[in-house]
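The shown structure was predicted, so the numbers you read here are calculated from the model rather than taken from an experiment. Chain identifiers are assigned alphabetically (A, B, ...) following the order of the sequence lines, protein sequences preceding nucleic acid strands; residue numbering begins at 1 within each chain. When reading the values below, keep in mind they use all heavy atoms of this one structure, side chains included, and skip hydrogens, waters and symmetry mates.
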Protein chains: 2
Amino acid sequence: MKNKMAFKRSGCPITNSLDILGDKWTLLVIRDLVFGKKRYQEFMASSERIASNILADRLKQLEASRLVTRRAYQQKPARYEYVLTEKGEGLKPVLRALVVWGKAYFSITKITPTI
Amino acid sequence: MKNKMAFKRSGCPITNSLDILGDKWTLLVIRDLVFGKKRYQEFMASSERIASNILADRLKQLEASRLVTRRAYQQKPARYEYVLTEKGEGLKPVLRALVVWGKAYFSITKITPTI
DNA sequence: TGCGTTACTTGCATTTCGAAAGCTATAATA
DNA sequence: TATTATAGCTTTCGAAATGCAAGTAACGCA
């Protein structure tokens, strides 16, 4: 994993946010975390079918950006879970706004997450 | 330009939204449009220094997704401008949420857009 | 005739994505 | 004891996206 955006492109808060969130998967992982998912296989089970390597990469980036915390929930064998930090929880309004917009403009929307 | 996400990955409104908005540039172009920028060179002048081909591609995608309208503001020579549709304007709450989050968690944020 | 402006397009090297297969440690089962 | 299963990843490699630089087209102006 190489860091994708080590420098800041500008001082704009939108730009700073997109440097972390600006791709097709990161906010979906955060959505799952908001829904209470914690484990690797739970994220893998989502209907968007994220590739294993992409998920691992995103979880590492989210940890590096301090949006999630990784901790072992058991030893032998070591198993891990991911939890949103306060910074990560702070993205709920962004997700809510996306839900509102998505519902308003995509008729194919079937599932309506309550965040 | 090939279309990046012709099919829908799921019925989730967040997923549907990210199929259009999920990259590092699209929401920045929309931010500029919200600020009243209309012309190619105005978008090019933004401090994030978008590449010319990427800008052209994003404007085409935004038009295809019906978030912006392209129209000639003069003939001979033909010159074009871009304006947000209602669907595009509908993204303001998303941008506002990103500004709030970006301001809260990035100290390096200098510019504070008022959307 | 030559230069500047606007709105792009093209070429090409680098980077990222993504599907599939593989790996490691341990538990459960035959 | 050997095999299979489970969880949490990592590796490989071809395809697609990105981004820098240069080029193009149509016109106005000097």
Side-chain angles (χ1 to χ4, degrees), chain A residues 1-10 15 18-29 32-33 37-65 68-83, chain B residues 1-10 15 18-29 32-33 37-65 68-83:
Chain A
M1 169 186 145
K2 295 170 185 172
N3 56 347
K4 324 170 84 168
M5 197 62 71
F7 64 97
K8 294 194 179 297
R9 290 181 292 175
S10 82
T15 308
L18 292 179
D19 284 347
I20 293 178
L21 309 172
D23 74 285
K24 297 222 185 294
W25 293 109
T26 301
L27 278 170
L28 292 182
V29 174
D32 284 352
L33 285 159
K37 293 188 180 181
K38 293 175 190 303
R39 300 181 188 178
Y40 203 87
Q41 295 302 324
E42 291 182 297
F43 302 122
M44 289 296 292
S46 286
S47 62
E48 289 85 8
R49 320 262 54 225
I50 190 170
S52 180
N53 53 341
I54 305 293
L55 175 59
D57 178 89
R58 292 306 183 279
L59 288 171
K60 279 177 188 166
Q61 283 183 224
L62 286 173
E63 206 193 349
S65 308
V68 304
T69 304
R70 180 185 188 259
R71 49 170 261 220
Y73 65 85
Q74 70 168 45
Q75 307 295 340
K76 311 193 82 180
R79 293 287 182 260
Y80 304 94
E81 65 180 16
Y82 298 84
V83 189
Chain B
M1 166 186 144
K2 294 170 186 175
N3 56 347
K4 323 169 85 172
M5 197 63 70
F7 65 97
K8 293 196 180 293
R9 289 181 290 175
S10 82
T15 307
L18 291 179
D19 284 347
I20 293 178
L21 308 172
D23 74 286
K24 296 222 186 296
W25 292 111
T26 301
L27 278 169
L28 292 183
V29 174
D32 284 353
L33 285 158
K37 292 189 180 182
K38 292 175 190 300
R39 301 183 187 176
Y40 205 86
Q41 295 302 324
E42 291 182 295
F43 302 121
M44 289 295 293
S46 286
S47 61
E48 288 86 9
R49 321 262 52 225
I50 190 172
S52 181
N53 54 339
I54 305 292
L55 175 59
D57 178 87
R58 293 304 184 277
L59 288 171
K60 278 177 188 166
Q61 283 183 224
L62 287 173
E63 206 193 350
S65 308
V68 304
T69 304
R70 179 184 188 259
R71 48 171 262 219
Y73 64 84
Q74 69 168 45
Q75 307 294 342
K76 311 193 89 195
R79 294 284 181 262
Y80 303 93
E81 65 180 15
Y82 297 86
V83 189

Whole-Å distance between D/dA17 C1' and B/Leu55 CG? 16 Å
Got a sec: does the CD of B/Gln75 have more than 12 other heavy atoms crowding it under 6.0 Å? no
Please state how far atom CD in B/Gln75 lies from atom P in C/dA7, giving the value in whole angstrom units. 13 Å
Rounded at 0.5 Å granularity, tell me how far OG1 in A/Thr15 sits from CD1 in A/Ile20. 12.5 Å
Can you check whether A/Ala64's main-chain N or O pairs, donor with acceptor, with A/Gln61's side chain at less than 3.5 Å? no
Taking B/Met44's backbone N and O only, do any of them form a donor-acceptor pair with B/Arg49's side chain (distance below 3.5 Å, no angle check)? yes
What verdict does the side-chain contact (heavy atoms from CB on, under 4.5 Å) test give for A/Arg39 and A/Tyr73, after you've listed the backbone C-alpha separation in whole Å, the side-chain angles of each residue and the deciding distance to 0.1 Å? CA-CA 10 Å; A/Arg39 300 181 188 178; A/Tyr73 65 85; 3.4 Å; yes
From CZ of B/Arg58 over to P of C/dC8, roughly how many Å is that when rounded to an integer? 15 Å
Tell me whether the side-chain N/O atoms of A/Trp25 come closer than 4.0 Å to OP1 or OP2 in C/dG18. yes
I want to verify a distance call: between D/dC27, C/dG18, D/dT18, whose nearest atom is closest to the B/Lys76 side chain? D/dC27
What is the separation between atom CD1 on B/Ile50 and atom P on C/dA7, rounded to the nearest whole Å? 15 Å
Output for pair (B/Leu62 CG, B/Thr69 OG1), nearest 0.5 Å, gives 11.0 Å
Can you see if the side chain of B/Arg49 gets near the phosphate of D/dA21 - specifically, an N or O under 4.0 Å from OP1 or OP2? no
Provide, to the nearest angstrom, the distance between the CZ atom belonging to B/Arg71 and the P atom belonging to C/dA7. 13 Å
Residue met sooner reading DNA chain C from 5', once A/Pro77 and A/Ile54 are mapped to nucleotides: A/Ile54
Separation of A/Glu48 atom CD from C/dA19 atom P, in whole Å? 13 Å
Listed pairs, N/O of protein and of nucleotides 8-10 of chain D, under 3.5 Å:
from: D/dG8; atom 1: OP1; to: A/Tyr73; atom 2: OH; distance (Å): 3.1
from: D/dG8; atom 1: OP1; to: A/Tyr80; atom 2: O; distance (Å): 3.1
from: D/dC9; atom 1: OP1; to: A/Arg70; atom 2: NH2; distance (Å): 2.6
from: D/dC9; atom 1: OP2; to: A/Tyr82; atom 2: OH; distance (Å): 2.6
from: D/dC9; atom 1: N4; to: A/Ser52; atom 2: OG; distance (Å): 3.4
from: D/dT10; atom 1: OP1; to: A/Lys60; atom 2: NZ; distance (Å): 3.1
from: D/dT10; atom 1: OP2; to: A/Lys60; atom 2: NZ; distance (Å): 2.7
from: D/dT10; atom 1: O4; to: A/Ser52; atom 2: OG; distance (Å): 3.1

Starting at CE of B/Met44 and ending at P of D/dA21, how long is that distance when rounded to a whole Å? 12 Å
Go through the steps for B/Asn53 and B/Asp57 under the test side-chain contact (heavy atoms from CB on, under 4.5 Å), then give the verdict. CA-CA 6 Å; B/Asn53 54 339; B/Asp57 178 87; over 6 Å; no
